[in-house]
Structures are given as C-alpha cells and as structure tokens.
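Inspection log for the structure reproduced underneath, given as structure tokens.
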There are 2 protein chains.
Amino acid sequence: MWAHTGGMARISEIGDYIRDQRDQAQMSLRQLAQAAGVSNPYLSQVERGLRRPSAEILGRIAQGLRISAETLYVQAGILDDRAGDEAVTTAIAADASLTERQRATLLQIYAAFQAENAARTTPDPATRDEAGADGTTDM
Amino acid sequence: MWAHTGGMARISEIGDYIRDQRDQAQMSLRQLAQAAGVSNPYLSQVERGLRRPSAEILGRIAQGLRISAETLYVQAGILDDRAGDEAVTTAIAADASLTERQRATLLQIYAAFQAENAARTTPDPATRDEAGADGTTDM
DNA sequence: CGCGCGCGTTTGCAACTGCAAGCATGTGGG
DNA sequence: CCCACATGCTTGCAGTTGCAAACGCGCGCG
C-alpha cells in the first residue's frame, strides 16, 4: 500500500521500522539490545514509540541491526528524506560517471527490488526475484 | 565505513566547527540561535563543548547555518564520513523501501561500476578487481 | 510440581538536555 | 553621564533520556 509516490514506504514510526528489521533478522529484543549496547527495556520503549532515542543510540541500534545509520536517521526524521525512491532513480539518472548500460542495469535492478517488495506486501506469495544482477556486463 | 565503532570524542570539535561556520557567516550567537530555533544559552554551551546536542538540535543548527546536516553529523562523529561524491549512495542508503540486503546489493553493484570505470580511465593495473558485481545477491 | 531460562514489559532513579530569566561587559548616542 | 542596545555567559529548573532491577508470562526439563 505504501510503495507510492512522494511519501513512499514511511513506516510511520521509527520504532515500527526497528522492530520490523529486528523481526526480519530474527533477533530477540534482548539480543539486539546487547548487540547494540543498549538496555533492553529502553529498546522496548523505543520500539513502541514511548521514547525518542538520541542520535547516538540510533546509531548503535543501526549497528546492531547491521543496517546503515542513514536509513534509521531518515526514518527518524533526523535526516532529510530526499523524496524517497524518486531520489534513487534521479540520482542514478544524473550520475555522469556511469555508462548507459550500467545506468540501465542499476535502474532495472532497483525496479526489480521495488516490484518484489510490493509483491511481498500483497497476498501473492510468488516471491520470485533474483534480479538480473549479472553485473560486469558492460565494459 | 558505516556506523563508527570506536570512541567518538569530538564534542568540542563540533562546537568549534559550528562557531567557525557562524563566524564565517558573520552571524551573532543570538542570530544563529534564533535562525535555528535554539535558545542562545544552549547554543553557547554547545559551541564551547559543554553540552552534547541531540540530533534534532544539530539538524536545526545546520539548517540555521544553511549547511547540509550530514556534514555536521559527520563532524559530530554521529555519521561516518562517506568516501566520495555520492548522490547515488546517499539516496540508496536513505531509501527505506529497500531491505538491507537489497540496499547492500545495490551499493555493491554501484561500487563495482565505479571501480571499473575508474580502472578504465586510470591505467592502474593494481586494482584488477572487477569481481564485485557478479551477483551473490542471494536475499 | 518446581525450577530455570528466555521473552517483552513496567517501575524508580541518576543524569542529561534545552529553555527562560538574569548577569557581565562593550559600544554608541543624545 | 546615562540610557539603550548588542554581544556572549551563568544560573535554576521542567522535561527526557537511558539504565538497573524487578515483574508477569510462557516453555521445556529434571
């Protein structure tokens, strides 16, 4: 429902996003808390949106989840959103250092990822992806 | 490259940096404070390294100084310095609609493209990499 | 059953953030 | 001279952050 223009994914709260990532990584709250060097009660409160974590804590959580800190900051509204998925396509399109084939490859892979994610949220369990990441094609 | 791991201790550094930028912009402390929506006493303390501002305050100060928030975060040691130019990597990193695996894949492919292009323009035989983008996209 | 272990959550508290109000100093002007 | 105004700094204080300890719950094992 949310792979849309403008607002894009926007799992409204940062806590939901963290819990989402934690679930996907199949970690318990306490595991992540320890990996991140954060107390588990506090992590619990953060995930449920009762507390707004500082940037440092956010960074540590990102580290514990092995995801990029930027992602979390953007989710937290601390860093600019950059208009979401459009930013990626436009950035790729505008990157003069890429050849046309590389550009097309990246855009294709990105589109495939988006399609897969959209399929994941719909009742269609056909999660067939494996984008054409053959890379090194060009050149 | 991502979230820093070691100790950060540049609290005073960021204060100096802010004061530097403020001086260069020829703003008084109070002016910047108002432009940033921060109280002037607090800004004073931040500049002198007595206080560790939260990410939100940092962002507002960056806005008041009309510099990118990222540079301030990097200065603060909250974000790690990103190697090169990078509109694409930033956009990818900030796109919350991607899973971390997908994000890593895209970044990897992009990096591989950059490396290959660099190798093409610079006759440096040492960087005979070329292996980076060949899939392993598992996910 | 009783005990241990894991899960997520609640509670009480030290430490901190960030602000409003006030202080100290410097400058120009009527 | 005295007032107005600017600069940056110090001081109490409400509101939060983040933690250690403790709680309730479910599950497997002796």
Side-chain angles (χ1 to χ4, degrees), chain A residues 11-67 69 72-79, chain B residues 3-67 69 72-79:
Chain A
I11 307 175
S12 48
E13 290 273 1
I14 172 81
D16 295 336
Y17 184 75
I18 292 176
R19 182 157 285 191
D20 232 42
Q21 292 294 319
R22 180 167 69 78
D23 287 342
Q24 278 189 23
Q26 312 212 24
M27 303 175 78
S28 80
L29 191 147
R30 282 175 137 97
Q31 277 179 322
L32 173 55
Q34 179 162 19
V38 182
S39 76
N40 50 87
Y42 190 61
L43 180 56
S44 165
Q45 289 167 319
V46 165
E47 284 191 345
R48 284 177 302 146
L50 309 181
R51 291 303 225 302
R52 197 148 28 93
S54 73
E56 186 192 344
I57 296 291
L58 228 45
R60 282 199 254 162
I61 292 176
Q63 210 170 346
L65 283 170
R66 315 244 170 82
I67 68 180
L72 267 189
Y73 289 134
V74 169
Q75 277 292 319
I78 289 172
L79 274 185
Chain B
H4 68 290
T5 324
M8 72 164 103
R10 34 212 321 197
I11 335 110
S12 59
E13 277 183 37
I14 175 148
D16 295 338
Y17 184 74
I18 292 176
R19 180 157 286 190
D20 241 37
Q21 293 294 317
R22 179 167 68 78
D23 287 342
Q24 278 188 23
Q26 310 210 30
M27 303 174 77
S28 80
L29 190 147
R30 283 175 137 96
Q31 278 178 324
L32 174 56
Q34 179 163 17
V38 182
S39 76
N40 50 85
Y42 191 60
L43 180 55
S44 165
Q45 290 168 317
V46 165
E47 283 191 348
R48 284 177 301 144
L50 310 180
R51 292 288 232 276
R52 225 167 290 236
S54 74
E56 185 193 344
I57 295 291
L58 228 44
R60 283 200 255 162
I61 292 176
Q63 209 167 352
L65 283 170
R66 284 180 211 137
I67 64 180
L72 255 195
Y73 289 131
V74 169
Q75 279 289 323
I78 290 173
L79 278 184

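Protein chains get the first letters and strands the later ones, always in sequence-line order, with residue 1 at the start of each. These values consider heavy atoms only, across backbone and side chains, with no hydrogens, waters or symmetry-generated copies.
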May I ask you to say what [X] touches in the nucleic acid, namely base, sugar-phosphate or nothing, with a heavy-atom cut-off under 4.0 Å?
| X | answer |
| --- | --- |
| A:Q45 | base |
| B:R30 | base |
| A:S44 | base |
| A:S54 | sugar-phosphate |

Among [options], which nucleotide sits nearest the side chain of [X]?
| X | options | answer |
| --- | --- | --- |
| A:R48 | C:dT9, D:dT17, D:dT7 | C:dT9 |
| A:S28 | C:dC7, C:dA20, D:dG8 | C:dC7 |
| B:R22 | D:dT17, D:dG8, D:dA20 | D:dG8 |

Check your understanding: Is the backbone N or O of A:M27 less than 3.5 Å from a side-chain atom of A:R22, with the two atoms forming a donor-acceptor pair by type?
Key -> yes
Practice item. Spell out, as yes or no, whether a donor-acceptor pair under 3.5 Å connects the side chain of B:R60 to the backbone of B:G37. Key: yes
Comparing nearest nucleotides in DNA chain D, the 5'-proximal residue of the pair A:G37, A:N40 is A:G37
base_contact_polar (C:dG18 base, B:R51 side chain, donor-acceptor, <3.5 Å):
yes
Rounded to the nearest 0.5 angstrom, the CD1-CD distance for A:I57 and A:Q63 is 11.5 Å
